[in-house]
Asker: 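Okay, here's the structure, questions in a sec.
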Amino acid sequence: MNKLRLYAMTICASAACMAAAQNTPLSQMEKLNRGVVALPASSGTGNFISWRMLGTDDEDATTFDIQRNGVTVVKDVYKTNYTDAPGNKNSSYRIVTKVNGIAVDTTQAVTPWQQVYNPIKLDRPATGAQGGTYSPNDMSVGDVDGDGEYELFVKWDPSNSKDNSQGGITDNVFIDCYKLDGTRLWRVDLGRNIRAGAHYTQFMVYDFNGDGKAEMICKTGPGSLDGKGNYVNQAATDASIKAVSGTALYRSSDGRITGGQEWLTAFNGETGEAVHTIFYNPNRNMTYGGAADGSVNWGVGGKNDKGSYGNRGERFLAAVAYLDGPDKPACGIFSRGYYDYAFIWAVTFDGEQIRQKWLSQHKSGSSYTLYTYKEDGTHTSKTYSGCKPTSGSGSGTMYQNGNHN
C-alpha cells in the first residue's frame with residue numbers, strides 16, 4: 001500500500017439547468033457538483049474553503065453564501081474561495097448558491113482536511129512474474145456513477161517497463177478506478193500482450209455516450225481482463241475476435257509484441273466491465289482488422305519497424321474531441337505511428353458499441369498524401385506538397401508529426 005497525494009481540483013463543468021446568461025456556450029458537459037473542499041489556511045489560522053463555478057452558472061447573477069456549522073457567516077460572495085479565520089478543525093461548511101439573490105441549491109456539508117492535501121491509499125499490485133514492482137503512473141478522472149464527484153483512474157507501471165527503442169520483457173500493466181475515499185471500484189489487467197512503457201497505453205476517460213457517467217476506452221489484446229475478471233474479447237460482436245484464446249502469447253524473446261490481433265475496448269466506468277471490443281485500426285501491418293504478424297516498415301534509416309523491432313508503429317497517442325459540435329457526444333481520437341507514417345482514428349461509443357467515424361493515413365515526405373477512410377470503408381485522398389521534414393537531414397518526415405505531444 002502507498003499514499004498518492006492528491007490536491008483539490010476545481011473543474012468548471014456541469015449539465016445542470018441552463019441559466020439565461022451562462023458563461024459557457026450550450027454544450028454537452030459533465031454534471032459535476034460544487035466540489036466543496038476545506039483545508040487548513042496557509043496562515044495557520046482558520047480554514048480555506050474552495051468550490052466550483054459551473055459552466056452553466058450566470059457569471060453576472062450568481063453569488064454564494066458560506067455556512068459554517070449550519071449558520072451563514074458570509075453572504076453574497078462572487079468568488080469561489082474564502083478563508084474563514086474563526087474556523088477550526090471541527091467546523092463544517094456548506095455553500096448556498098444564489099441567482100439574483102434567490103437560493104437555488106445548497107451543497108452537502110464538508111469538514112476540513114487534516115492537512116493541505118488529501119491522502120488516498122492505493123492498492124499496489126503484487127510483484128510481477130518478471131520481477132517488476134509497481135508504481136502509480138498516468139492518471140485521469142471521470143464521474144463513473146453520476147453522483148457529481150470525480151473518480152480516479154490510475155495506471156500502474158512495472159519497474160521493468162521499456163521504451164519502444166529498448167528490448168526486454170515487461171510485466172503487465174494495470175488500470176484501477178478509485179473513489180476519493182480510497183475505495184477501489186475495479187482493476188483492469190491488460191495482460192501479457194500489451195507491453196509496459198510510456199508510448200503503449202493511452203487510456204481515455206470521458207462520458208462518451210452522454211448518459212452522465214464516464215467510460216474508459218483503451219487498446220487491449222489477447223489475455224486482457226476487464227474489471228469483472230473476464231477476457232475483453234468476449235465483449236466483441238466479431239466472431240473472429242471472440243475465438244482468440246485468452247492464454248495466447250505473442251511476445252517475442254526480446255519482449256516485443258509482434259503478432260496476433262490488436263483490439264480497442266470500451267469499459268463501463270462504474271464496474272470496469274468490457275462493454276464492446278473491436279479490432280484496433282490500423283494493425284501493426286498498416287492493414288485493417290485481423291491478426292498481423294511482424295511489423296512493416298514504419299520509417300526510414302536505422303530506426304524502422306521492419307520485422308520485429310516494433311518502434312514507430314508501436315507509438316500511440318490519444319485524445320477526446322467534440323467532432324460533431326459541442327452539443328453532441330464526444331469522440332475518442334487514437335493515433336498510431338510517428339514521423340513517416342501516422343494514422344489518426346476517430347471512434348464513437350453509444351453505450352453499447354464502438355464504431356469507426358473515420359481513419360486518416362498520413363504518409364510523409366517532401367509531399368504526402370492524406371487518405372481518409374469513412375465508416376463504410378470508402379476513402380478519399382488529397383496530396384500536399386512543399387512539406388518540411390522535422391527529424392534529421394533527408395528523413396522525409398511529415399511536418400510536425402512526431403513531436404511527442
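Side-chain atoms are counted along with the backbone in the values below, which use heavy atoms only and exclude waters and symmetry mates.
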Asker: If only side-chain N and O atoms count, and only distance matters, is there a donor-acceptor pair under 3.5 Å linking Tyr250 with Gln261?
Answerer: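 No, no side-chain donor-acceptor pair sits under 3.5 Å.
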Asker: Side chains of Ser43 and Thr45: is there a donor and an acceptor less than 3.5 Å apart?
Answerer: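 No donor-acceptor contact under 3.5 Å links the two side chains.
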Asker: Could you state the interatomic distance from CZ (Phe279) to CH2 (Trp263), rounded to the nearest 0.5 Å?
Answerer: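 The CZ atom of Phe279 sits 8.5 Å away from the CH2 atom of Trp263.
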Asker: If every non-hydrogen atom of Phe64 is compared with every non-hydrogen atom of Arg52, which pair is closest and at what distance?
Answerer: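 Nearest heavy atoms, Phe64 then Arg52: CZ-O, 4.5 Å.
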Asker: For Trp156, is there any backbone N or O sitting under 3.5 Å from a side-chain donor or acceptor partner on Asn137?
Answerer: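 Here the side-chain-to-backbone pair does not exist.
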Asker: Tyr93 and Asn47: side-chain donor and acceptor closer than 3.5 Å?
Answerer: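 Checked: Tyr93/Asn47 side chains pair up, N/O donor to acceptor below 3.5 Å.
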Asker: What do you reckon, is CD of Gln234 surrounded by more than 12 foreign heavy atoms closer than 6.0 Å?
Answerer: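 It does: Gln234 CD has more than 12 such atoms within range.
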Asker: Go through the structure and list residues passing side chain to side chain contact (heavy atoms under 4.5 Å, CB included) with Asn88, not counting sequence neighbours.
Answerer: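 For Asn88, the residues satisfying side chain to side chain contact (heavy atoms under 4.5 Å, CB included) (neighbours in sequence not counted) are Asn90, Ser91.
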Asker: Quick one about Ser161 and Thr170 (side-chain donor to acceptor, distance below 3.5 Å, no hydrogens or angles considered), yes or no?
Answerer: no
Asker: Between Thr62 (side chain) and Glu59 (backbone), is there a donor-acceptor pair under 3.5 Å?
Answerer: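 Such a contact is absent between Thr62 side chain and Glu59 backbone.
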Asker: Counting only heavy atoms from other residues, nucleotides and ligands, does the tally under 6.0 Å from CD of Gln353 exceed 12?
Answerer: yes
Asker: Can you tell me how far the CZ atom of Arg34 sits from the OG1 atom of Thr106, to the nearest 0.5 Å?
Answerer: 10.5 Å
Asker: So which pairs with a foot in residues 182-201 pass salt bridge (Lys or Arg N to Asp or Glu O under 4.0 Å), sequence neighbours left out?
Answerer: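 Qualifying pairs, neighbours excluded: Asp123-Arg184, Asp176-Arg187.
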Asker: For Tyr280 together with Phe316, are the ring centres under 6.0 Å from each other?
Answerer: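 Yes: the rings meet the under 6.0 Å criterion.
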Asker: Sequence neighbours left out, what pairs pass salt bridge (Lys or Arg N to Asp or Glu O under 4.0 Å) with at least one residue falling in residues 219-232?
Answerer: Lys219-Glu262
Asker: For a quick check under 3.5 Å, do Trp358 and Gln356 share a side-chain donor-acceptor pair by atom type?
Answerer: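 Per modelled atom types, Trp358 and Gln356 side chains form no pair under 3.5 Å.
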